[in-house]
Amino acid sequence: MNRRHFLASSIAFAAIGLSGTSWARTERSRRPDDQTRAKSLIAAARSQINVTRLYSSAYVRLPYPNGDIALEQGVCSDVVIRAYRQAFGYDLQKTVHEDMVKAFFAYPKIWSMRKPDSNIDHRRVPNLQTFLKRRSAQLEVSDDPGQYKPGDIVTQMISGKLPHIAIVSDRRSHGGERPLILHNIGNGTQEEDGLFKYPITGHYRYFPS
């Protein structure tokens, strides 16, 4: 290939690359941005306040997909599951189950289970942590409250043995020092100042398309 043909080919490939980049940016610009999706997720979690009034960790057989226990009760993970379902039509029961069927070996064996169980797997915080990591949603854990953005997911460890999960709110603590969190830690769904009340074990940002 002579120099003239080489330059012509290089220009053509560059043009294709620029066109592809432009197309990708256009495609991304058509999707709701993170801020909009975060607002939807937070609103869905907040709508559970005074609806989910009880904490219940009992094993319950659920329909599949889109299975849920009675709305007036649940655990911390149910706040997250219901918020994603309401905000995005995204069913964590189904997506976690499908991923566990595909890669059961990748998930914790804390409960001595030999196969996935669509009734309970998505309601267990360590499984949600694994799922979010496998979706490349994991972010750095930090002591800086500014690193936790509205709509982020945080996991905590209570008393050194009880995994917990919450959604970061767009409202802040008295004085504006920390974002509040939306969660159920025993008294139904609440929005309160609890981000650093317990050690943070995970930080995630996941807005499914």
Between atom [atom1] of [X] and atom [atom2] of [Y], what is the distance when rounded to the nearest 0.5 Å?
| X | Y | atom1 | atom2 | answer |
| --- | --- | --- | --- | --- |
| L132 | L92 | CG | CG | 7.5 Å |
| L195 | D143 | CG | CG | 10.0 Å |
| R135 | T95 | CZ | OG1 | 6.5 Å |
| H183 | S77 | NE2 | OG | 13.5 Å |
| Q93 | H122 | CD | NE2 | 4.5 Å |
| R46 | L182 | CZ | CG | 6.0 Å |

Testing the basics here: between [X] and [Y], what is the closest heavy-atom pair and its distance to 0.1 Å?
| X | Y | answer |
| --- | --- | --- |
| G151 | L41 | O-CD2, 3.5 Å |
| L62 | N119 | N-OD1, 2.6 Å |
| S56 | R123 | O-NH2, 3.8 Å |
| S142 | F196 | O-CE2, 3.7 Å |
| C76 | Y55 | N-CE1, 3.9 Å |
| A45 | A83 | N-CB, 3.9 Å |

Less than 4.5 Å apart, any side-chain heavy atom of [X] and any of [Y]?
| X | Y | value |
| --- | --- | --- |
| H164 | Y198 | no |
| N127 | P108 | yes |
| E72 | R53 | no |
| P150 | S169 | no |
| T130 | R124 | no |
| S136 | Y204 | no |
| I165 | V154 | no |

Practice task
Any chance you could lay out the salt bridge (Lys or Arg N to Asp or Glu O under 4.0 Å) test for K39 and D170, step after step, and finish with the verdict?
Solution key: CA-CA 8 Å; K39 288 180 179 179; D170 54 0; over 6 Å; no
Sub-3.5 Å donor-acceptor pair from the side chain of [X] to the main-chain atoms of [Y], do we have one?
| X | Y | value |
| --- | --- | --- |
| D193 | S173 | no |
| Q73 | L54 | no |
| S159 | K161 | no |
| Q48 | V79 | yes |
| Q156 | G194 | yes |
| N184 | G74 | yes |
| T155 | G202 | yes |
| E177 | H174 | no |

Does the side-chain contact (heavy atoms from CB on, under 4.5 Å) test come out yes or no for I181 and Q190, once each step is laid out? CA-CA 8 Å; I181 57 173; Q190 304 286 330; over 6 Å; no
Pair [X] + [Y]: basic N to acidic O under 4.0 Å:
| X | Y | result |
| --- | --- | --- |
| K149 | D152 | no |
| E191 | R171 | yes |
| R205 | D34 | no |
| E98 | K102 | no |
| D78 | R85 | no |

Same apolar cluster (I L V M F W Y, side chains within < 4.5 Å links), [X]/[Y]:
| X | Y | answer |
| --- | --- | --- |
| L128 | L162 | no |
| I69 | V75 | no |
| V96 | Y206 | yes |
| V80 | I185 | no |
| M157 | L139 | no |

>> List the residues meeting side chain to side chain contact (heavy atoms under 4.5 Å, CB included) with A103, not counting sequence neighbours, and say none if there are none.
In response: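 Expected list: F105, A106, R134.
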**CG (N66) with more than 12 external heavy atoms under 6.0 Å** =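 Yes - once you tally the heavy atoms of other residues, nucleotides and ligands closer than 6.0 Å, there are more than 12.
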Q) So does K109 have more than 12 non-hydrogen atoms from other groups sitting under 6.0 Å from NZ? A)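 Yes, the 6.0 Å shell around NZ holds more than 12 heavy atoms from other groups.
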- Task: Check the pair R82, T52 against side chain to side chain donor-acceptor pair (under 3.5 Å), reporting the backbone distance first and the verdict last.
- Result: CA-CA 11 Å; R82 290 164 177 165; T52 304; 3.3 Å; yes
field: Ring centers of F207, Y90 separated by less than 6.0 Å
entry: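 F207 vs Y90: aromatic centres not under 6.0 Å.
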Q) Applying the ring pair (Phe, Tyr, Trp, His ring centres under 6.0 Å) test to H97, which of Y107, Y64, F104, F131 qualifies? A)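 That would be Y64; it is the only one of Y107, Y64, F104, F131 passing the ring pair (Phe, Tyr, Trp, His ring centres under 6.0 Å) with H97.
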- Each residue besides I120 in its hydrophobic cluster should be listed here, by chain and number; the cluster joins Ile, Leu, Val, Met, Phe, Trp and Tyr at side-chain heavy-atom distances under 4.5 Å.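 Members alongside I120: Y59.
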task = Measure up the Y148 and H203 rings against each other and bin them: parallel (under 30°), tilted (30 to 60°), perpendicular (over 60°).
result =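 Tilted, since the angle between the ring planes falls between 30° and 60°.
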